[in-house]
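See below for the structure under consideration.
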Amino acid sequence: MNPKNSLIIIVIVALIFLATILFLENSVIMLTAIFLFMLGYSYFKWKNKHKAEEEIRAVVASYIKPDSVWPTKIAIPEERLNELKISLANKKVVLPPATINKMVEEMLVSEMEALFESSFYAHNPDLPKDPGIHQWIDAYIMTFNRNMDYVPLLQRLMKRRGIKHPVGKLEEKIEEEIKKKEKNKKQLKQLTKKSYA
């Protein structure tokens, strides 16, 4: 049976079932029926997502290049996503296309975050186990200088370590620190020139 047809049948049966219980006077029976329906639907959705995960992971892994240390955006072509949806449908995995797209996006983001984290720590071996906001910013500037493409990834990494800052605020702090460092550098240069004069 076509997964789309299966989903339509499930929705129709659910609507008939709900319409029937609405006419029952006993609210306990009605609430129990609603709870059991929701439980069954949640299990159905979880089971299909679980079936899809392995194939989605394989597709995502094929777009993660082992040598790409600092990925900012990995895009999977629409054609490949359509092939994935057809393959899942052939395996009787019933999921809306939007859910499959969301699962692919979440897995891509998760892989990029893991790659960024390992690369960031490898480039900043002196970074403490639980860095403060200024240590994160210093490490970011030493790694990327003025490139702000990776701030969202840094923000997520910091958030997982308990430091919450919106991306915009974090960018401001990084820019302030860059200006401060440049000002200190100029002052040091001027002092050095004066001492040689």
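Worth knowing before you read on, the calculation uses all heavy atoms, side chains too, and leaves out hydrogens, waters and symmetry mates.
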Check the hydrophobic clustering (I, L, V, M, F, W, Y; side-chain heavy atoms under 4.5 Å; chains of links allowed) and say if [X] and [Y] are grouped together.
X: V109; Y: V167; value: no
X: W136; Y: M142; value: no
X: M107; Y: I76; value: yes

Counting only pairs under 3.5 Å, give me each side-chain donor-acceptor contact of residues 153-165, with atom names and distances, residues two or more places apart or in other chains.
residue	atom	partner	partner atom	Å
Q155	NE2	H165	O	3.1
R156	NE	E113	OE2	3.3
R160	NH1	E113	OE1	3.1
R160	NH2	E117	OE1	2.7
R161	NE	Y121	OH	3.4
R161	NH2	E117	OE2	2.4

Nearest heavy-atom neighbours spanning L95 and T99: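 Result for this residue pair: CD2-CG2, 4.0 Å.
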Heavy-atom closest contact (P77 atom, Y63 atom, distance):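 Minimum heavy-atom separation between P77 and Y63: CD-OH, 3.4 Å.
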Check: V151 and Y140 side chains under 4.5 Å, non-hydrogen atoms: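 Y140 vs V151: side chains touch.
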Contact check, side chains of V59 and V104, non-hydrogen atoms, under 4.5 Å: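 When only atoms from C-beta onward are counted, V104 and V59 do not touch, as no gap falls below 4.5 Å.
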Point-to-point distance, once rounded to the nearest 0.5 Å, from NZ of K173 to CD of E176: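 The NZ atom of K173 sits 7.0 Å away from the CD atom of E176.
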Reported CG-to-CD1 distance for the pair L84 and I100, which is rounded to 0.5 angstrom: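 If I round to the nearest 0.5 Å, the distance is 6.0 Å.
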Main-chain N/O of L115 paired to S118 side chain as donor or acceptor, under 3.5 Å: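 Confirmed, S118 side chain pairs with L115 backbone.
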Listed partners of E175 passing salt bridge (charged side-chain N to carboxylate O under 4.0 Å, His left out), at least two apart: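 With neighbours one apart ignored, the set is empty.
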Any residue meeting salt bridge (charged side-chain N to carboxylate O under 4.0 Å, His left out) with E172, in chain and number order, not counting sequence neighbours: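 E172: no salt bridge (charged side-chain N to carboxylate O under 4.0 Å, His left out) contacts found.
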I'd like to check the side chain to side chain donor-acceptor pair (under 3.5 Å) partners of [X]; sequence neighbours left out, ordered by chain and number.
X: K181; answer: D138
X: S87; answer: E55
X: E106; answer: none

For [X], give me all partners under side chain to side chain contact (heavy atoms under 4.5 Å, CB included), at least two apart in sequence or on another chain.
X: K180; result: E177, N184
X: A139; result: F120, N124, L127
X: E78; result: L81, N82, K85
X: P128; result: P131, Q135

Residues R80 and E83 bridged, charged N to O under 4.0 Å: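 E83 and R80: salt-bridged.
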E182 atom CD: more than 12 heavy-atom contacts under 6.0 Å: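 More than 12 heavy atoms, drawn from other residues, nucleotides or ligands, come within 6.0 Å of this atom.
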